[in-house]
Amino acid sequence: MSEETLEKVYDPKKVEEKWMRRWEKDAISHADSKSDQPPFSIVIPPPNVTGSLHLGHALNSTLQDILSRWRRMSGDNVLWLPGMDHAGIATQNVVERRIVSEGKMDRHELGRKAFIKRVWEWKAESGGTILNQLKRLGASCDWQRERFTMDEGLSRSVTTVFEQLYKEGLIYRDQRLINLCPHCRTALSDIEVEHEDIEGKMYYIQYPLADDPTKFLTVATTRPETMLGDTAVAVHPEDPRFNHWIGKKIKLPLTGREIPIIGDAILVDREKGTGAVKITPAHDFNDEKSGKRHGLEKISLIDWSGEMEPLLLYHAEVERELANLLSYESMTEARKIVVKALDEVGILEPKPEKHMMSLGKCYRCKSIVEPFDSPQWFVKVNAPGNSLAQAAIDAVRKKKIRLIPESWEANYFGWMDNIEDWCISRQIWWGHQVPVFYCRNCDLDYILGVPGGGTIITAEATPIVGENTCQKCGGTDLEQDPDVLDTWFSSALWPFSTLGWPANLQADETKQKEAEALLKRFYPTSTLVSGFDILFFWVARMIMMGLHFMKEVPFKDVYIHALVRDADGQKMSKSKGNVIDPLDLMDKYGTDALRFTLAAMASPGRDIKLSEARIEGYRNFCNKLWNAARFILMNRPGEANKTTSVSELAPTTSANRWIQSRFNQSVASVDRALKNYRFDEAAHEIYQFTWHTFCDWYLELAKVDLQNESTRDETYATVVQTFEASLRLLHPFMPFLTEELRTFFKADTRCLALAEYPEFSPEKNDVDAEEAVQKVVIDTIMAVRNIRGEMNIPPSESLPVLIQAKDAAAEKAFEKEMPYIKRLARLSDVTLGTSLEKPRMSATAATDDGTIYLALDEARIRSEIDRISKRLLKAEKALAILEKKLGNEKFIANAPAAVVDKTKAEQQAGIENKNRLSAELQHLETFFSNPTETQ
RNA sequence: GGGCGGGUAGCUCAGUUGGGAGAGCGUCGGCCUUACAAGCCGAGGGUCACAGGUUCGAGCCCUGUUCCGCCCA
C-alpha cells in the first residue's frame, strides 16, 4: 500500500468492522485449557439478557478488554469469559408486556409452562443484542465459551448449591415479613429495596382503655391504615406516665378486638412521639421483632397485590361497613378511608405535623414496597461455626482478595458485619425454580391454590430436597415449590459455574475432563472488574459462595470502577432523558476514541463526567496517529519491503538514540500503571509519548536525518520500529486503529492482538543521548521559539543567530546537533564559537550550554525589553522564595542535606539568571538613551 | 442519625513515602513551516472551599466549619 491510498483523515467506520470479524475469525481470544502459559482469567459481569449497551457497560468492558489484551500480548493464557444473566424480574416484565400487547390479559392466562416457553423464544429472537454490541466495542471475550445463567450447566450448579446448602442447614424456609413489591408481586431481598426520604405526615390517634373508655393512650404513626392490624400497644416500662397501664387492655378502634398494653424498652423511645407506640407485627419490621419478643399474633391485612383482602379484614375483626369500603383498596387509598373513619369517631388528634420518613421502593419498578408476611426461602449467612459472611470478611481482611481502590473495604466490612439472612425466593416464573418438592399425600392441606392461578405452599409443609420420594409415606406424587430463586443466587456462582462446576455432573467424560481442566487452570479468576453499585448484590455473594464451594476465593483482585454520569454530573436515566448511547458516540467519534476516553477518565474512586469535548480530543489523537503513519509511508524507500527488520538496530544519531530511550521509559510507566490498575495514567503516558514526544519532537528531528544519505536508512528503520512498538503499546486501548496501522509496517500474518507487548529493558536507557538532545537541541530550539513567539516573528522569516558555547565541549555538542537546531528553530545562518563578538543589540536566551544571540533590528528592541522584563520578574519571584527558605535557620538545621543542597544550587542558578537578565535589560535600554552606539 | 467520597486554572479533572502546582479543553497571539487546521509554534491564567494545628516546610498529615454527591439506618 502506498500513501496515495491513505486518506487525509482517519475514518473508523472503514476499519472497525473488518477487524471485528478478523479477530473473531482468528479466535484471538480463545483460551486454551491445556496451555502451560500463565493463566489470566476474568469473568464478565453478565449483562441482563434484555439489556443493551449503556456507558456503564462500555466502561466496564473497556477496562476488562484493556487488561485482557495487555495480558494476552504479554504472553498469558487469557480467558475472558462472556455471558448473560437471565435477569428474572426484568425479563419477565419485558415478555409479559409483549403478551399483554398481543391481547392476552397477563401471564396467568397463558400458564406457567407456556409462558416460560415464550421467554425462551423471546431470548432466541431478541435477547442478547448486547453481546454483539460488546463485539463492536472490541471486547476480546472468549466467545466460544459464552454462558447464560439459565443454561443447562449453570442450572445444574444452582441445584447442586441449593441442595448442599439446604443439607448444611444454610438454606431454610420461614414465614416472616419480607419486602413485597406489589407491582412485581414478589418478595425482594433487603438490598433490592431503595430508600427514599420523603415528607410524610404524623397522625395521632387516641386508643381508649377497654375498661374505662374515658381514658386513652395517644399513639403516633405515619401509617394509620395499618392500625387495623395492631395486636398491642407498647409503652416504656420505666416511663412513669404510662407504665402503670402495662397489663391493661386497649379497645382497638374500628375493630372488635381488644389488645394488650405491653412494656417494651427496645421499641419505645420515651423522648419521641407520645411515648406510646402501636404494634403491627404483620406490617412493620420492628413491630414484628417486638411481637416475637412478646408472643403477639401477626394480623396481616393485604394480599400479594398489596391490596386490602376481605377475608383478612374479617379475621382482623374490622367493623363490617369499613371492611366493605376497604376491600381490594391499595394501601394509599386505605389510608384515606381509615383516617376519615378515625376522624368521624373523633379520636384523631388534629396535629398537622410534617415528618421526614423513609419510603422503600422496588429497585426494578420503583413501586412502593410493603412489609408482607409470607413463607420464603432464606440463606443463613452468619451461622455460628459455618458463617458465609465471616469467611468472606476474613478473605478481604487477610488480603486474599484485594479491593481496588482499597477505600471500598470500609464499605464492604460495614455491610458484611451487619448482614442479615438473604431472602432468595421470588414469586415469579422466569428463573431457576426452587429445587424443592412437597408430598401431595402428606401435605395436601398446605398446598393452596391462589385465586387467579398459581400455588402457595404454607410454611408448615415439609420440604423434600434432593429426593424423588416422600420420606414419610414413600409417595411419589410430589409438587414442586412454585417459587424461583433470586437472580443474584445464580450469578453468585458465576466464577465457577461458568467453568463447568460441578465437573462430575457433566454429561460425558470429555466434558468432565474439560471442566476439570478449566477449573484447575482458571479458578480462582485473576481480576474482577465491577461497578460499585453491585458490590453487595453480586461481588460479596460471589465471595461467599466461591469460598464455600471452591474453598478458595473467586478472584484475587476486584477493580471497582465508578459510575458514568452526564456532563452535568447527573446520573443517566431513561426517565431523566439524559442517557447518552455509547453506540452513537462510537458512530460519531469512533470506537477507539470512546474507549480511550473512558480509560483516560477512569481515575480511582471518582465518577466519570463524560464530556463530548474529551472524546473529540481523543478522536483527534486517532487522527494524529493516522497522519503520522501517512508521513512515515511517504518516506518509505521505494524498494523496501514491509518487514523492516530492526530488532537488532543500534542507531547512531542523537535523535534515534534519544527516541529509543524515551520509548523505553514510557514502556516502564505504562507497565507500572497497568499493574496498579491506573488506566488513566497508562492512557496519559501513551498519549503524551506518541503525540508530544514522538510526533512533535522526534518526527521533526527525524526529518533532518531522513534527508541525509548516511543516516537515512537507520532513521527510517528507527521511525518504523518505534512507531510499530508504540502501536503495540497502545493496542489494548485502541485496538482497531492500531491493528489497521500496523498492517502498513509489518507483513506479519498474525493480528497485532497476538503480538508481543513492549517490555522495559534497563539497558535500552541511553542517558547520554537523552541529555544531548534535551539540553543542546530541545532547550535551544525552545529558547529561539520563545523569542519568535513573543515577538511574533513568523516561521517564514529565517533568522541568523550567534551561539556562544560555554566551552569547547559544548561547542562540539552544538556543532554536532546543529542540523536539528537549524531546521526546527528555522535558523538561516548560525555562527558558533566560544568567544564570539556579539551583536550590539540582540535578543538573548541562555541555556545550560551556552547563550543564543539573535540580532535585532530597531523595531524589535522594544518587544525584547518587554520580553526580558517579564522573565526578570518571574526570575526574581522564584529567587525570593528560595532566599526566604535559605534564610530560615531552622530549614538549614532540620531539612535533609540533599534538600538543602538542591535549594542552594537552585538559588545559585537563580541568581545567575537574574543577573544575566537585568544586565541584558540595562544593555537594551542604553539603545534608547544612546541610540547612535547601535551602529 | 451513621458512614464514605469530593470542593485544585474559565470548564472537566490529575497530583500516595509532605520539599517544582500540572494535563486536556477553552482563551489570547503567530503560522496553510511538504504527515496532520481534527494541525503546528508561543503565551496568559490558581491565597489548591474556609479556620486553626503539627512541621524547617502542607494541595498532601491532624482538628473544626461549610457546601456538593453517594451509600446505609
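Worth knowing before you read on, the calculation uses all heavy atoms, side chains too, and leaves out hydrogens, waters and symmetry mates. Residue numbers begin at 1 in each chain, while the letters A, B, ... track the order of the sequences.
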Does [X] have a side-chain nitrogen or oxygen under 4.0 Å from the phosphate oxygens OP1 or OP2 of [N]?
{"X": "A/Lys874", "N": "B/G44", "value": "yes"}
{"X": "A/Asn418", "N": "B/A73", "value": "no"}
{"X": "A/Lys870", "N": "B/A43", "value": "no"}
{"X": "A/Lys609", "N": "B/C13", "value": "yes"}

Taking the [atom1] atom in each of [N] and [M], what is the distance between them to the nearest angstrom?
{"N": "B/G57", "M": "B/C71", "atom1": "C1'", "result": "38 Å"}
{"N": "B/U54", "M": "B/U63", "atom1": "C1'", "result": "11 Å"}
{"N": "B/C11", "M": "B/G18", "atom1": "C1'", "result": "30 Å"}

Output the rounded distance in Å from [atom1] ([X]) to [atom2] ([N]).
{"X": "A/Glu196", "N": "B/C70", "atom1": "CD", "atom2": "C1'", "value": "15 Å"}
{"X": "A/His195", "N": "B/C70", "atom1": "NE2", "atom2": "C1'", "value": "15 Å"}
{"X": "A/Asn179", "N": "B/A73", "atom1": "CG", "atom2": "C1'", "value": "14 Å"}
{"X": "A/Leu6", "N": "B/C36", "atom1": "CG", "atom2": "P", "value": "12 Å"}
{"X": "A/Ile892", "N": "B/C56", "atom1": "CD1", "atom2": "P", "value": "14 Å"}
{"X": "A/Leu699", "N": "B/C36", "atom1": "CG", "atom2": "C1'", "value": "11 Å"}
{"X": "A/Trp691", "N": "B/C41", "atom1": "CH2", "atom2": "C1'", "value": "14 Å"}
{"X": "A/Asn792", "N": "B/G30", "atom1": "CG", "atom2": "P", "value": "6 Å"}

Item checked: Residues which pass ring-ring contact (aromatic ring centres under 6.0 Å, His included) with A/Tyr363, listed by chain and number, not counting sequence neighbours -> A/Phe537
Margin query: Both atom distances under 3.5 Å, Watson-Crick or G-U wobble: I'd like the secondary structure of RNA chain B as a dot-bracket string, with | for pairs made across strands.
Written below: ((((((((.[[[[.)...(..]]]].(((((.......))))).....[[[[[..)....]]]]]))))))).
Notebook entry, point to check: Would A/Glu685 and A/Arg678 satisfy salt bridge (Lys or Arg N to Asp or Glu O under 4.0 Å), going step by step from the backbone distance to the final call?
Noted result: CA-CA 11 Å; A/Glu685 177 63 34; A/Arg678 290 304 303 261; over 6 Å; no
Next item on the list: Could you tell me whether a side-chain N or O of A/Asn418 sits under 3.5 Å from a main-chain N or O of A/Gly414, the two making a donor and an acceptor?
Entry: yes
Note to self: Heavy-atom nearest nucleotide on RNA chain B for A/Lys890 versus A/Asn786: which residue maps closer to 5'?
What the structure shows: A/Asn786
Next item on the list: For each nucleotide in nucleotides 1-9 of chain B, reading 5' to 3', give B when a protein heavy atom comes within less than 4.0 Å of its base, S when such contact involves only the sugar-phosphate, and - otherwise.
Entry: ----SSS--
Next item on the list: Pick base, sugar-phosphate or nothing for A/Glu889, based on heavy-atom distances below 4.0 Å to the nucleic acid.
Entry: nothing
Check: NA contact type, A/Arg871, heavy-atom cut-off 4.0 Å: base, sugar-phosphate, or nothing?
Finding: nothing
Hey, what are the protein-to-nucleotides 18-21 of chain B N/O distances that come in under 3.5 Å?
none

Give me, pair by pair, the N or O atoms of the protein and of nucleotides 31-33 of chain B that are less than 3.5 Å apart, along with how far apart they are.
{"residue": "B/U33", "atom": "O4'", "partner": "A/Arg826", "partner atom": "NH2", "Å": "3.4"}
{"residue": "B/U33", "atom": "O2'", "partner": "A/Arg826", "partner atom": "NH2", "Å": "2.1"}

Item checked: Sole candidate of A/Tyr589, A/Tyr10, A/Tyr687 that passes ring pair (Phe, Tyr, Trp, His ring centres under 6.0 Å) when paired with A/Tyr618 -> A/Tyr687
Notebook entry, point to check: Where do A/Arg712 and A/Glu709 land on the salt bridge (Lys or Arg N to Asp or Glu O under 4.0 Å) test, with the steps shown first?
Noted result: CA-CA 5 Å; A/Arg712 189 195 149 89; A/Glu709 199 55 44; 5.7 Å; no
Check: When you measure from every atom of RNA chain B, which of residues 614-622 of chain A have a heavy atom less than 4.0 Å away?
Finding: A/Arg619, A/Asn620
